[in-house]
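Here you go, one structure.
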Amino acid sequence: QVQLVESGGGLVQAGGSLRLSCAASGRTFSRYAMAWFRQAPGKDREFVAAINWSGGSTRYADSVSGRFTISRDSAENTVYLQMNSLKPEDTALYYCAAKDTKFILVRSREYDYWGQGTQVTVSS
């Protein structure tokens, strides 16, 4: 079992930055592929960014590529999402997800473990 706890959300003006953190429990964190998804009110959950078990491979949604960076610290059992140049359309509840696999995954249905989410609100 893996438990995920997100933090770092908040209210920021357009053009600002935030760094989200996802702390994972469990001794096998280094085996897990990790990802961030987001869900805005009235919309489906959408893929944001993913990182493979080693941190050597990442994938981004087109809407955030060049602005967001996903990374992981296996010593701290934590995955991060650095968000720069934020836009009002980035406003959403951001979720961290995990799966025990060596592959990098971008579909929400492929992930087994989810956090409760952290709210990001970007004002114009």
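Below, each value reflects all heavy atoms present in this structure, side chains not excepted, and no hydrogens, waters or symmetry copies. Here, residue 1 is the first one in the sequence, and each next residue gets the next number. Not measured: the values here are computed from a predicted model.
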**Q.** Polar side-chain atom of Asn52 near backbone of Ser57 as donor-acceptor pair, under 3.5 Å
**A.** yes
(Q) For the CD atom of Gln82 and the CG atom of Leu18, what is their distance to the nearest 0.5 Å? (A) 8.5 Å
Q.
Taking side-chain contact (heavy atoms from CB on, under 4.5 Å) as the definition, give me every residue that meets it alongside Arg107, ordered by chain and number, with sequence neighbours left out.
A. Arg109, Glu110
Q | Pi-cation contact, Trp53 with Arg72 (under 6.0 Å, within 45°) | A | no
**Q.** Leu105 side, atom CG; Asp112 side, atom CG - distance, nearest 0.5 Å
**A.** 9.5 Å
Q. How many angstroms lie between OG in Ser74 and CZ in Phe29, if you round to the nearest 0.5 Å?
A. 5.5 Å
Q: Please check if atom CD in Gln3 has more than 12 non-hydrogen atoms from other residues, nucleotides or ligands closer than 6.0 Å.
A: no
Q: To the nearest 0.5 Å, tell me how far Arg67 CZ sits from Met83 CE.
A: 9.5 Å
Q.
Is there a side-chain contact between Trp114 and Cys96 in this structure, where contact means two heavy atoms from C-beta onward sitting under 4.5 Å apart?
A. no
Q | Pairwise distance OG(Ser65) to CZ(Arg59) - rounded to 0.5 angstrom | A | 11.5 Å
Q | Inter- and intrachain pairs under ring-ring contact (aromatic ring centres under 6.0 Å, His included), touching residues 59-94, at least two apart | A | none
Q: Take Arg38 and Val64, measure what side-chain contact (heavy atoms from CB on, under 4.5 Å) needs, and give me the verdict at the end.
A: CA-CA 12 Å; Arg38 67 187 182 186; Val64 307; 3.9 Å; yes
Q.
Are there over 12 heavy-atom neighbours, none belonging to Gln119, within less than 6.0 Å of that residue's CD?
A. yes
Q. Nearest heavy-atom pair of Tyr111 and Ala50: which atoms, and what distance?
A. OH-CB, 4.0 Å
Q. Which heavy atom of Ala14 sits nearest a heavy atom of Ser124, and at what distance?
A. CB-CA, 4.4 Å
Q | Main-chain N/O of Asn77 paired with Asp73 side-chain donor or acceptor, under 3.5 Å | A | no
Q.
Quick check for you: to the nearest 0.5 Å, what is the distance between Leu81 atom CG and Ser21 atom OG?
A. 9.5 Å
Q) Do Tyr113 and Asp100 have side-chain heavy atoms sitting under 4.5 Å apart? A) no
Q) What do you reckon, are the aromatic ring centroids of Phe37 and Tyr95 less than 6.0 Å apart? A) no
Q. Counting distance only, does the side-chain N/O of Thr118 pair as donor-acceptor with the main-chain N or O of Glu6 below 3.5 Å?
A. no
(Q) Applying a strict under-4.5 Å side-chain criterion to I, L, V, M, F, W and Y, I'd like to know whether Met34 and Phe47 cluster together. (A) no
Q. Do Ile70 and Val79 come within less than 4.5 Å of each other through their side chains, counting heavy atoms only?
A. yes
Q) With distance as the sole test, does Thr78 use its side chain to make a donor-acceptor pair with the main-chain N or O of Glu76 at under 3.5 Å? A) yes
Q. What's in the same ILVMFWY side-chain cluster as Leu11, cut-off under 4.5 Å, chained through other members?
A. none
